[in-house]
Enquirer: 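Sharing a structure, written as structure tokens. Questions coming.
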There are 2 protein chains.
Amino acid sequence: MHTQLNHRMTKQRQIIIEELRKVTSHPTADQLHEMVRKRLPRISLSTVYRNLETLSSEGMILKMDSAGTQKRFDGTVENHYHIRCSRCGRVDDVHMETIPEIEEIARRRSSYQSVSHIIEFTGICPNCYSQSRG
Amino acid sequence: MHTQLNHRMTKQRQIIIEELRKVTSHPTADQLHEMVRKRLPRISLSTVYRNLETLSSEGMILKMDSAGTQKRFDGTVENHYHIRCSRCGRVDDVHMETIPEIEEIARRRSSYQSVSHIIEFTGICPNCYSQSRG
DNA sequence: TTACTATTAAGAAGCATTTGCAGTTAAAAT
DNA sequence: ATTTTAACTGCAAATGCTTCTTAATAGTAA
């Protein structure tokens, strides 16, 4: 059982992984491009983008902020949680109690101030799920 | 006292708020534009964007996915939480235990399947905080 | 009413990301 | 070790979301 789908380990891909794993700074694509360029001066930004996409869909790295390209807006301001369908992008509210206690934990562990939080769930929405079972 | 900072309640702004509060679908700016157009056919998309920005900075609505314009990447795949500085955009890992139990709660409340979760904290990082105190 | 200034519509500009293409190369097949 | 072939690369151009520019409009205060 392997998730390798005819993917080649090119020099570019190898070095992108290595450089990303070296740091804890959660770089953007262009920051990573700069880092990789120190070792592969001719690598293009689109190669970095392409590989980041491939690697994250293989589960080898994590793409953050991967919600989607467009921002969404909510008329409700009080903190509440959301769940997003990974198939169709639909977003619903999750009606559950919030857990503000974790903010104090995060504050202590991170030494950030004025800590707030959001939780975002991801899953398959009822529509997409029923479609997938015919 | 009031949080009104020389902001005018124009017809456009009023209707944008009303339409957003009517729904629970977390629309994107262009979806909301379409909704508002039913009542104000000549409103422009940039007016919608401008007002959504104003309203969310006033705290009257919530802007989701407001992380930033660029995606970030993480070499660590196992679920862990992040904290982001609202001043400088810096992102750090938060070393605390994850709480997978909430996924079951969210699954029951939402009727989504295969639920996973992330928590994102927001705060002021040590650098920005020490700057702000001179 | 008059003056003042925030706001608007329309379109251009900005910027992150994706895509088309022609040449290259990793790696499977021979 | 060669051949083969489809994935991959660099580059440029395209795309798509969001913000900015500008001249005109319209709330608001006096």
Side-chain angles (χ1 to χ4, degrees), chain A residues 2-20 26-58 60-74 84 89 91, chain B residues 2-20 26-58 60-74 84 89 91:
Chain A
H2 49 80
T3 42
Q4 181 184 331
L5 318 150
N6 298 333
H7 287 147
R8 295 175 182 170
M9 187 48 67
T10 60
K11 207 177 327 156
Q12 289 88 340
R13 184 165 301 167
Q14 182 63 50
I15 292 178
I16 288 168
I17 299 175
E18 285 174 16
E19 291 300 313
L20 180 57
H26 311 85
T28 59
D30 66 302
Q31 288 171 338
L32 192 54
H33 181 224
E34 282 311 311
M35 293 157 60
V36 169
R37 272 228 268 212
K38 304 253 163 65
R39 296 171 61 188
L40 282 178
R42 294 190 51 73
I43 193 174
S44 71
L45 179 56
S46 51
T47 295
V48 174
Y49 271 109
R50 260 187 302 241
N51 278 298
L52 288 172
E53 184 56 38
T54 304
L55 292 167
S56 78
S57 72
E58 285 173 328
M60 298 189 63
I61 67 170
L62 185 69
K63 176 161 62 171
M64 297 175 55
D65 315 323
S66 54
T69 95
Q70 292 182 78
K71 289 184 173 54
R72 288 171 171 271
F73 297 88
D74 192 330
R84 188 183 304 259
V91 174
Chain B
H2 48 77
T3 44
Q4 180 185 331
L5 318 149
N6 296 336
H7 286 147
R8 295 174 182 168
M9 186 49 66
T10 59
K11 207 178 331 160
Q12 289 88 340
R13 185 164 301 167
Q14 181 63 49
I15 293 179
I16 288 168
I17 298 177
E18 285 175 15
E19 291 299 313
L20 181 56
H26 310 86
T28 59
D30 66 303
Q31 288 170 340
L32 194 53
H33 181 222
E34 283 309 312
M35 293 156 60
V36 170
R37 270 227 270 211
K38 304 253 163 66
R39 296 172 60 188
L40 283 178
R42 294 189 53 72
I43 194 174
S44 72
L45 179 57
S46 50
T47 295
V48 174
Y49 271 109
R50 192 169 349 91
N51 278 301
L52 289 171
E53 184 56 37
T54 304
L55 291 167
S56 79
S57 73
E58 287 175 327
M60 298 188 62
I61 66 169
L62 185 70
K63 175 160 65 171
M64 298 174 56
D65 315 324
S66 53
T69 94
Q70 293 181 79
K71 288 184 172 55
R72 288 172 170 272
F73 297 87
D74 192 330
R84 186 183 305 260
V91 175

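Lettering follows sequence order; numbering is per chain, from 1. Heavy-atom basis, side chains included; hydrogens, waters and symmetry copies ignored.
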Enquirer: So do the side chains of A:Met64 and B:Arg84 get within less than 4.5 Å of each other, counting heavy atoms only?
Expert: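 Heavy-atom side-chain distance check passes, below 4.5 Å.
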Enquirer: Could you tell me the separation between the CD atom of A:Gln14 and the P atom of D:dC8, rounded to a whole number of Å?
Expert: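 After rounding, the reported distance stands at 14 Å.
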Enquirer: Round to a whole Å and report the spacing from NZ of B:Lys63 to C1' of D:dT19.
Expert: 11 Å
Enquirer: B:Tyr49 has an atom OH; how far is it from atom P of D:dT21, in whole Å?
Expert: 18 Å
Enquirer: Quick one: A:Ile15 CD1 to C:dT25 C1', roughly how many Å, whole number?
Expert: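 It works out to 15 Å between those atoms.
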Enquirer: Without decimals, in angstroms, what is the distance between A:His33 NE2 and C:dC15 P?
Expert: 18 Å
Enquirer: In Å and rounded to the nearest 0.5 Å, what is the CZ to CG distance from A:Phe73 to B:Asp65?
Expert: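 Answer rounded to 0.5 Å: 9.0 Å.
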Enquirer: To 10°, what angle do the rotation axes through the five end pairs on each side of the helix from C:dT1-D:dA30 to C:dT30-D:dA1 form?
Expert: 40°
Enquirer: In chain order, what residues pass the side chain to side chain contact (heavy atoms under 4.5 Å, CB included) check against B:Ser46, with sequence neighbours excluded?
Expert: B:Ser44, B:Arg50
Enquirer: Separation of A:Glu34 atom CD from C:dA16 atom P, in whole Å?
Expert: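 Rounded to the whole Å, the gap is 13 Å.
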Enquirer: For A:Asp74, enumerate each residue passing the salt bridge (Lys or Arg N to Asp or Glu O under 4.0 Å) test, keeping only those at least two apart in sequence or located in another chain.
Expert: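 Per chain and number, A:Asp74 pairs via salt bridge (Lys or Arg N to Asp or Glu O under 4.0 Å) with no residue.
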Enquirer: Give the rounded distance in Å between these two atoms: CG of B:Leu52 and P of D:dC20.
Expert: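 Atom CG in B:Leu52 sits about 15 Å away from atom P in D:dC20.
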Enquirer: For A:Lys38, check side chain to side chain contact (heavy atoms under 4.5 Å, CB included) against everything at least two apart and list the hits.
Expert: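 With neighbours one apart ignored, the set is empty.
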Enquirer: Using side chain to side chain contact (heavy atoms under 4.5 Å, CB included) as the criterion, list what pairs up with A:Glu34, not counting sequence neighbours.
Expert: A:Arg37
Enquirer: Is it true that a side-chain atom of B:His33 and a backbone atom of B:Tyr49 form a donor plus acceptor pair closer than 3.5 Å?
Expert: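 Not a single qualifying donor-acceptor pair exists.
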Enquirer: Starting at CG of B:Leu45 and ending at P of D:dG16, how long is that distance when rounded to a whole Å?
Expert: 14 Å
Enquirer: With the sugar-phosphate defined as primed atoms, P, OP1 and OP2, and the base as all remaining atoms, what B/S/- string results for nucleotides 5-11 of chain C, 5' to 3', for protein heavy atoms under 4.0 Å?
Expert: BBSBBBB
Enquirer: Could you please spell out the steps behind the side chain to side chain contact (heavy atoms under 4.5 Å, CB included) verdict for A:Lys71 and B:Leu52?
Expert: CA-CA 11 Å; A:Lys71 289 184 173 54; B:Leu52 289 171; over 6 Å; no
Enquirer: Donor-acceptor check, side chain of A:Arg13 to backbone of A:Asn51, threshold 3.5 angstrom: yes or no?
Expert: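 Not a single qualifying donor-acceptor pair exists.
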